[in-house]
Each structure stands twice: as C-alpha cells, then as structure tokens.
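For the numbers below, each heavy atom of this structure counts, side chains included, while hydrogens, waters and symmetry mates do not. Chain identifiers are assigned alphabetically (A, B, ...) following the order of the sequence lines, protein sequences preceding nucleic acid strands; residue numbering begins at 1 within each chain.
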Amino acid sequence: MPSSSSSSSGDLLSAARRVRTFGQLKQLHAQALQHAFHGQPNQWLTHLLAHCARLRAPRSYARRLFDAARSPDARAFTSMLRFYSLLGARSEVLSLVSRMLRHGLPPDAFVFPILVKNSASGALEPLHGRVLRLGHCADPYIRNAIMDAYAKRGAPANARKVFEEAPQITAADWNAMVSGYWHCGDEAEARRMFDAMPAKNVVSWTAMVTGYCKIGEPEKARVVFDAMPERTVVSWNAMLSGYAQNGLAEAALKLFTEMVDGEVHPDETTWVTVVSACSSRRDLRMAESLVAALEERGMISENPFLKTALLDMYAKCGALCKAREIFDAMGRSRNSVSWNAMISGYCREGDLAIARQLFDEMPRRNVISWNSMISGYVQNGQWGSALELFNAMEEEVKPDDVTMASVLSACGHLGALGTGRRAAEIISREKIRLGLSGHNALVFMHSRCGSVAEARRVFQEMPTRDVVSYNSLITGLAAHGHGGEAVALLRRMKEEGVDPDRITFLGILTACSHGGLAAQGREVFSAIGSPTVDHYACMVDLLGRAGELDAAAKLVAEMPVAPHAGVYGALLHASRIHRRVDLGELAAEKLFALEPENAGNYVLLANIYAAARRWEDVEKVREAMQRSGVRKTTACSWVELRGEIHRFTAGDQSHPQREEIYRVLQEYGEKMRAMGYAIDRSWSLKEVEEEEEEGMVGTHSERLAVGFVLLAGAPREAIRVVKNLRICGDCHLAIKMISKISGRDIVVRDTNRFHCFRDGGCSCGDYW
DNA sequence: TTAGGGTTAG
C-alpha cells in the first residue's frame, strides 16, 4: 500500500508495483497529483496506465490517463492496447494501432502479438505476410501469437506451417501446437505432437490434462495427471476444473484434499474452482466452513472471479441475502457473470420480480442472461412470460440450445403447438445443435401438444436417450390413448439399460388406466419396488375406470402409506361413473377433510346423488358447500391462434369482443338446436347475463375461447354440414371443424385438460 | 509481453 508520507518520485513508482486494487491505484494517482507528478506527468501517467489492465480499471479511467499524456510514447500506446485487448475491445485496438502508425510508431515485438490476436479473420494472413517480410517470425512471442490465432480460428494447418518454418523451435512452439490441436478438437494430432516433443515441460503436460477434460474425458486426463513428472498449482487447477466442468464435483473436492495434504498451496483460481464445486452441493454449512477457511488464510480478495463464485455458492445454498451483499459490495467489479448468477439465484427462489428488475437494469446482457430469465419463468410456471421474453430476445441476442430447451418446455406446458413448431423451425434454420435436454424438451413439447407422431419421430432420431426422454414420450402416449405402445416402451427402455423411475411408472399406469389395460396395469404395479402414494392413486383410478370399485376400495384400505386427496379423488370419480353412492360418500367425506376448499368434490358428490335421484341429499351437499364458504375456482382457457396465445377467464364480463363473440355463438347455437341438439343456456349473451345477475358464473372460459375462434374466421357453411355433434361436446366440435377446414392446428387448454385439434381430429388429455 | 488453470443458464 503506498504511504502518504512518501515524497520522492522513485518511492511512489515502486509503490505502484505493489498496488493490488484499483482503489489503491486511484489513491496513488491522487498523491502523485498532489506532488504535480514530480514534474514528469508523462512518465507517471504511463506508469499508472500500465497497471490498469491487471487491476481491471474502468475503461473511462484508463482512457483519461492515456488522453492526459501530452505525447504518448510507444509504452503508453502498448499499455492502452493491452488494456483494450483484455476487454476484447477489438475495434478500439485496431484504431489505436492506426493512430500509432500516424504518430510514426510502427508495431514492434510488443504490439504485433496484440494486433494478431485482435485482427479480423480475413486480416490474419496478410498480417502474417507482413510479419514474415519484416523477419518477425524469428521472434517467439510474435510467432506464438500467430500460431495461436490460426489454431483458434480453426486453421491448424496454417499454424503447423508457421511451426515448421520457424528458424528454431522452442518448447513454447511445441506447446502452442499441442494446445492449438486441442482447441480444434483434434485429440489424435494433439497426442502425436505431445508424444513427438523432444523435451516436454510442465506446460505441455498441463495442456494434455486440459485437453482431455475439454472433450469430456476426465478419466484420461487423470491418467496424464498422475503420470506428470512435476506439477505446478496450474496443473492441479486444470485437473480440478476438469472434474468440476464434467459434473464431477465430488472428485474435484477429493482432489483438492489431496492437493492440500500434498502441501501444494491453492491460489485464487483453485479457490474459485473449489467454491464452484461446493455450490453444486447446495450445502450452506459446508459453504460457511469454506468461507471460514478462506478468511483464515486471508484469501478473501477483491478478485471478481472469487467474489462471483462465492455469490453463486450462497445463492445456490438458498442464502440470497448473503449473495446480494456480495453483489452489492462488488460495485463496479461486477461483470455479466455476477449479474447472471444473481438473477438465476432469485429465479431459483421464485423471486421473479426482483430477478426481472435486475435483468432489466443489467448493462450488458448475454445469451446466458436471457436463458437465466427465460428458464426462471419456465421453472416457476410462467410459461407465457417465458415466450414473451423469448420474442423480445431475438432482437438482441441469438438463442442457443439452452434457450430452445426452455422455450420448447414452455410450449409443451402451454399446449402451444404452433409456437413449438416455430421453435423447431428456428432450431433447424439457425443450425442450433440440441443436446440431450434440448431433444427431451422437443419430445415433451410434441407429447404434450398431442402431436404423438412427431414426438415418436424425434425420440427415434435422438442420438442418446435417458429416463427423461422415455418419460416424455410415455407420458404423451399415455395421455393420447396409446396404452399398449407405452407399455412396450417400458420393456424397450429396460433392454436399452435405462432404469425407469417413479415418473415412468406413473406414466405407464396412466396409460393402462386410460387405455383400459387393467391386467397389464396390475402387472406393472406389482413390479414397482416401493410404490409411492401417487402410484396408488393411479392404481385406484385404473381399477375404478375398469369398474372394479371394490378392489379399488380394498387397495385404499390396505395402503401402507397415508392416502392423499388424489387417491380419494380417483375413488370419487369412479363412484360417479359407476354410480356407487356408498363409496362416493366415503371418498367425499375424506376429501372434505383433506381439501375443504375444493369445490369440485362437493359438485361430484352432488352429481352422484343426482344420478341416484336422491334430490334431498343433492340439496344438503349444496347447503354444506355454501356453509363452508367454498367457491368454485376460476377456470381459464387459452387458445393459440396464428401464433398468439389468447387467454379467457370464466366470469369475465369485460372481454372487449364479448358482444361479437356471443353473437357468433348464438348463431351457431341456434343452428345446432335446429339440428336437434340440446344446447345449454350459455350460448346466448342475454341468457348468460341473466345467469350472472343471479350470481352465477354465466360466462364459461372455454365457450369464450370457442366463440373467439369462430369469430376469427369460422366458415359458416361448414357448421351446417357437421353431423356427429356429440363426440367431444359442442365446443370441441366447433373447433374441430375450423381446424379441418382451415388446415390449422388449434389448441384449447382449460385448467384441467388440454385439447389439441389437428386436421379435424382431436386429442384430449388430463395434464398433471 | 509468448505456451497451461477460474465464476453464470438447462
């Protein structure tokens, strides 16, 4: 730390070398200013500037120093160039080099490497030619920069040529080639180069460790690591981060212990890796002890990497306040990674409003910022918001595979097939390579939207499949009546060595239940090791639908786990279908206690009594419902039309197109009545309004949605030719016709079911 | 001042 009593220029200059933070640099600057720079302003400014890159000073500060120098010399230019190069500010680098030339300062051995690194891809070869003409290829710094640039731009052959034409080959040249080949993903050539090296040094070995980790082969990296004749802290760090990046956090932590036991001193990079490996454990106590260890060693520094890793660790352990403290204290050393870590922390905790506020305030957003926010919405069930944000994203950043996985998931949850298909188009147009989770999301989207054939096709074409892939397809098959195929898929996944999990069995049981496969369902159920309460609920549903109500009731009575509302709900539904008042009463009684706020249970029981013509009991249930103050929850429907999602709410009297919608509905309803169908009251605005005056929910969300679709372009003529009006109910039929005639896919989703209409066909499914 | 290591999204 510079002391204020220092007065001589030499003292202050040597103090600059010890400066560790930007704050200290500014302090030194102020002191020097007090002494009028000891009469040597240029020397001072250049000296201060030289430290800006290392201390990550703000761009404006560095620029001010540079501009204040009366006639910047080569050293000032080089410092400024190095600063811009570190920021990745390529155009500033290039314009500064032009300015140097105008000042009569041609690029030298310091400037050429920076220029090479920042040159545009087309400019590299001419630049290389110039370097050759000037004889600079004898300079190892320049030569290495050129080799590195060629390799990084995917031209390892050019790098090889430079290597072979070098007047004398140093270890650095060999190493540049080894890492160059790794950079191009050429394992074989990197290995050949490494084996051919006359004198390998620790850098060569470390490059091999890193290379194997980068291609996802940490085991091979470990073999190299174990064979190393000597290791530096960088070698350890390479192996540690290799484990961490391949998801082997435990192996990383174990290696860290070995490292400390072997008395290798961890540096800041080590700590960054270890802290991030700890984050994945979500273990706050361990996080705290790690911070204590850091404090004990005096390692809590201003290093933004370490700060961000700590921030992320706290955020992942659920200690958002601590994370925010670090974030706020970081001030201007915050970078996009810290912002992103903070945003995803809030998303993880469901604080979407704060996350969004940060997202909107963030100075420079990258694709990860967008992905964090979009997936935050998806994970919290705000699928519409996720799609809205995705639409806004396209103007700023290109989406990648992670983006598309979230978007497809949102489309699946919403039943938005059209949007999902457009997402699939974007993937192929932009040549986005989907990973496993992206493919899974695509299968999920098609499954949930009822396009089973496409779900099947994507599933077949996937390079690898995991339990999630199978579950997505099985669930889709289950919901759309392909029970037998779902059961066959269970066999296939076992053959492929993928273990089914509880979701798989839920899907299979649902498939059997919906597909009337009671015997197979029983067989599968008995094969589940320890069925959860959800599996029991499915099984009760299966038996109930199959009419085996006594077996269902027996299963409930003998369950080893406490039944939840889903179990009794299944029993109640079955009792309604098969008119079993006794079991219905039993199930309803339990349900009234388990979920007193659920109006549906009262309604079902009332219907069971009504079917048995026990009107007094019906009345009693209605009274009980009123006494307990239960109200039916507000139903919602979504319609996707021409790529837009339109949402409708039951009881919504303020829809802007309400009158027009009901005009169309009434027209349609009258035609249906004329054809002999019993259309209920809610097709005419007058009658809906009467119901609403009596305090009833007259406006049905699904009916509004249908009217909206009709209004949007139903060909009236089609309505008359429809014969079979009762397949799926009045509303379904209306939309089926529109879908058939217009060739459009239309998805209607209400709070309990989704309905997917394609080419005059319709698939319906419960969602869970 | 060149060759090897670091934080964020699913």
Drop me the distance from A:M80's CE to A:L96's CG, to the nearest 0.5 angstrom.
7.0 Å

When you look at CD of A:E361, are more than 12 heavy atoms from neighbouring residues, nucleotides or ligands closer to it than 6.0 Å?
yes

Are the ring centres of A:W370 and A:F390 closer than 6.0 Å?
no

Sugar-phosphate only, base, or nothing, as touched by A:T232 at under 4.0 Å among non-hydrogen atoms
base

Whole-Å distance separating the CH2 atom of A:W182 from the P atom of B:dG5:
13 Å

Taken to the nearest whole Å, CZ/A:F256 to C1'/B:dG6 is 14 Å

Scan A:S344 against the nucleic acid and name what it touches under 4.0 Å (heavy atoms): base, sugar-phosphate only, or nothing.
sugar-phosphate

Are any of A:R348's side-chain N or O atoms less than 4.0 Å away from OP1 or OP2 of B:dA9?
yes

May I ask you to say what A:T308 touches in the nucleic acid, namely base, sugar-phosphate or nothing, with a heavy-atom cut-off under 4.0 Å?
base

Ring centers of A:W174, A:F163 separated by less than 6.0 Å
yes

Calculate the interatomic distance between A:M259 atom CE and B:dG5 atom C1'; express it in whole Å.
10 Å

Is there a side-chain contact between A:S406 and the phosphate of B:dG10, meaning an N or O under 4.0 Å from OP1 or OP2?
no

Just do the side-chain contact (heavy atoms from CB on, under 4.5 Å) check on A:L473 and A:H446 with the steps written out, would you?
CA-CA 9 Å; A:L473 186 58; A:H446 282 303; over 6 Å; no

Looking across every strand, which nucleic acid part, if any, lies under 4.0 Å from A:D400 by heavy atom: base, sugar-phosphate, or nothing?
base

Nearest to the A:S375 side chain among B:dG10, B:dG4, B:dT7, which nucleotide is it?
B:dG10

On a plain distance test, is the side chain of A:D401 in donor-acceptor contact with the base of B:dG10 below 3.5 Å?
yes

Among the nucleotides B:dG4, B:dA3, B:dG6, which one has an atom lying closest to any side-chain atom of A:E268?
B:dG6

Using a 4.0 Å heavy-atom cut-off, does A:K316 contact any base of the nucleic acid, only the sugar-phosphate backbone, or nothing at all?
sugar-phosphate

Starting from C1' on B:dT2, measure out to CZ on A:R82 and report it in whole angstrom.
11 Å

Using a heavy-atom cut-off of 4.0 Å across all strands, would you classify A:A109 as base, sugar-phosphate, or nothing?
base

OP1 or OP2 of B:dG6 sitting under 4.0 Å from any side-chain N/O of A:S241?
yes

Atom-to-atom span, CG of A:L86 to P of B:dT2 - whole angstrom:
11 Å

To the nearest angstrom, the CE-P distance between A:M177 and B:dT2 comes to 20 Å

Looking at A:Q245, I'd like to know whether one of its side-chain N or O atoms comes within less than 4.0 Å of OP1 or OP2 on B:dG5.
no

